[in-house]
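Heads up: the structure comes next, in structure tokens.
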Amino acid sequence: MATILQANEDAIAEAAAVIRDGGLVAFPTETVYGLGANALDAEAVARIFAAKGRPAGNPLIVHVGRPEDLPTLAEDFDKAKPLIDRFWPGPLTVVLKKKPIVPDIVTAGGPTVAVRMPAHPVALALIREAGVPIAAPSANRSEGISPTQAGHVAEDLGDEVDMILDGGHSEVGLESTVIDLTQEPARVLRPGMVLAREIEAVLGAPLTRPTGAPVGEVLRSPGQMRRHYAPRTRLQIMTNPAEDMMTIKDHPIGMVAFGSLAGVPLGVDIATTMVMPAEPAAYAARLYDALHVLDEADLALIVVEDVPEGEEWAAIRDRLSRAASSPA
Ligand code: TXA
Ligand code: MG
């Protein structure tokens, strides 16, 4: 079992040495915890895929410590510059044509590379101290719920990583927005808490938005797989929990809901309820925590109250609908 180290200066220096030696370090970012390896070392990156049970066809995000590091990895820096000026460091990943220095395993053999500069001070210190860009998917087993705390990583991947850096709770709580700048118009591949309309305002041009990845569609990247970010427990979204609960025979039930459960009929036994904030950023920050807790509670079913319409909720709606997809 990997040790969890409080992310102070010594621990970060030790973790940077592990990265330089080709090892795996789980580290905090402002979105979710990442499972990091030296992005320029194909063997180290192969360990990430093995640890997660990740299909080789699903490319990784490369994390940089400075905007100036982007042009060492990718072409067409100018296309990304306005977005980087506005949103880096932060939860926005840009996809550009890759340079040969990026090993094929990182990009799943594809011609493009995804790059992000995270806003978490521990992530930035680790990347800078390691002196190499760090490839890092979310630090969870493939298809599972992303970790927002060091403890989540320890439970899920504790035996697979060399070290876990604890930098507290991930503030954003959902994975970064991924935008493909190699297409015209640019395309949102994964919605996040940097909104499509904010990106459009910076680019001064409309984006192609995700279609919700309907079943059977040939997907541009396997990360867009329909079932993703899912708890092991079955999860169902309900527009009107008070009424819809009447039809449920499963027991016990866990619930993720906005407010009072006064409307839930008598006789419906809800084992655990996670009361969620009405504001999207606060909801996002808490969602994966809630799903981790409920997934550990031996429930037959998790019921999630549907979230409002509107783009501020797009990333949350995306993760919930993927979590609700039944296993293929
Ligand atoms: O917030 C985040 O992005 C977190 C933290 C650790 O930075 N990372 C993360 O990584 O969520 P991961 O591997 O769980 O998700 C990466 C997503 C996947 O949907 C993957 O398919 C997509 O980015 N992706 C990576 N490289 C790509 C590329 N070259 N073209 C298209 N999509 C790419
Ligand atoms: Mg992931």
Side-chain angles (χ1 to χ4, degrees), residues 24-37 39 45 48-49 51-65 73-75 87-99 102-120 122-124 126-127 133-148 152-153 156-157 165 167 170-183 186-194 210 213 219-230 284-285 288 315 318-319 322-323:
L24 295 185
V25 174
F27 63 98
T29 86
E30 80 282 22
T31 57
V32 299
Y33 274 67
L35 177 62
V45 173
I48 295 179
F49 284 88
K52 278 183 67 96
R54 183 174 178 109
N58 194 357
L60 304 179
I61 296 173
V62 179
H63 297 71
V64 294
L73 304 168
E75 309 281 353
F87 296 111
W88 279 13
L92 178 72
T93 297
V94 295
V95 173
L96 291 166
K97 197 162 167 287
K98 90 176 192 75
K99 287 194 170 167
V102 181
D104 285 337
I105 188 170
V106 172
T107 64
T112 62
V113 62
V115 185
R116 163 168 121 80
M117 177 179 172
H120 199 292
V122 172
L124 290 174
L126 174 65
I127 299 163
I134 295 185
S138 52
N140 54 278
R141 282 181 201 281
S142 197
E143 293 198 353
I145 311 167
S146 295
T148 47
H152 293 159
V153 182
D156 205 17
L157 289 176
L165 282 181
S170 293
E171 247 174 51
V172 176
L174 292 185
E175 304 82 353
S176 62
T177 305
V178 181
I179 175 152
D180 185 350
L181 297 174
T182 68
Q183 307 192 45
R187 185 187 197 97
V188 179
L189 297 178
R190 178 174 72 186
M193 298 310 282
V194 171
L219 301 171
R220 185 177 161 76
S221 98
Q224 310 306 113
M225 284 180 304
R226 200 168 58 92
R227 181 174 167 82
H228 210 82
Y229 317 106
Y288 287 161
D318 171 76
R319 303 309 188 274
R322 288 171 201 279

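None of these values were measured; they are calculated from a predicted model. Read the numbers this way: they start at 1 and go in the same order the structure lists the ligands and their atoms.
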Honestly, for Asn58 the part within reach of ligand 1 (heavy atoms, under 4.0 Å) is side chain
Could you name the option among Ser176, Pro137, Ala74, Ala139 that has the heavy atom nearest to atom 10 (O) of ligand 1? Pro137
Under a 4.0 angstrom heavy-atom cut-off, which atoms of ligand 1 come close to Ser138? 8 (N), 9 (C), 10 (O), 12 (P), 14 (O)
Ligand-residue contact atoms, ligand 1 with Ala114, heavy atoms, under 4.0 Å: 25 (C), 26 (N), 27 (C), 29 (N)
Hey, is Lys98 one of the residues with a heavy atom under 4.0 angstrom from ligand 1? no
Check for me whether Leu60 has a heavy atom closer than 4.0 Å to any atom of ligand 1. yes
Evaluate Thr112 for polar contact with ligand 1, using N/O atom pairs at a separation under 3.5 Å. yes
dist Leu60:CG -> Phe49:CZ (nearest 0.5 Å) comes out at 4.0 Å
In the structure I gave you, are the side-chain heavy atoms of Val94 and Trp88 within less than 4.5 Å of one another anywhere? yes
Around atom CD of Glu75, are there more than 12 heavy atoms from other residues, nucleotides or ligands closer than 6.0 Å? yes
Scan Leu92, Leu189, Val95 and name whichever one has a side chain to side chain contact (heavy atoms under 4.5 Å, CB included) with Ile179. Leu92
Donor-acceptor contact present, side-chain Lys97 to main-chain Ala74, <3.5 Å: no
Among Pro55, Ala135, Gly36, Pro59, which residue places a heavy atom closest to atom 25 (C) of ligand 1? Pro59
Could you check which of Thr31, Leu189, Val32 puts a non-hydrogen atom nearest to atom 32 (N) of ligand 1? Leu189
Scan side-chain atoms only and decide if Ser176 and Thr93 contain a donor-acceptor pair under the 3.5 Å cut-off. yes
Contact atoms of ligand 1, heavy-atom distance to His63 under 4.0 Å: 5 (C), 6 (C), 7 (O)
Under 3.5 Å between some N or O of ligand 1 and some N or O of Glu175? no
Check this for me: does any side-chain nitrogen of one of Arg187 and Asp180 sit under 4.0 Å from a carboxylate oxygen of the other? no
May I ask you to check if ligand 1 and Arg190 share an N or O to N or O distance below 3.5 Å? yes
Could you go step by step and tell me if Ser138 and Glu175 meet the side-chain hydrogen bond (donor to acceptor under 3.5 Å, both in side chains) rule? CA-CA 8 Å; Ser138 52; Glu175 304 82 353; 5.0 Å; no
Before signing off on this row, confirm whether Arg54 and ligand 1 have an N or O atom pair separated by under 3.5 Å. yes
Would you check whether Thr29 has a nitrogen or oxygen atom less than 3.5 angstrom from a nitrogen or oxygen atom of ligand 1? no
Please find out if the Mg ion (ligand 2) and some N, O or S atom of Ser138 are separated by less than 2.8 Å. yes
Does Arg141 use its side chain to pair, donor to acceptor, with the backbone of Gly53 at less than 3.5 Å? no
Could you tell me whether Arg116 and Glu30 make a salt bridge, using a distance below 4.0 angstrom between a side-chain N and a carboxylate O? yes
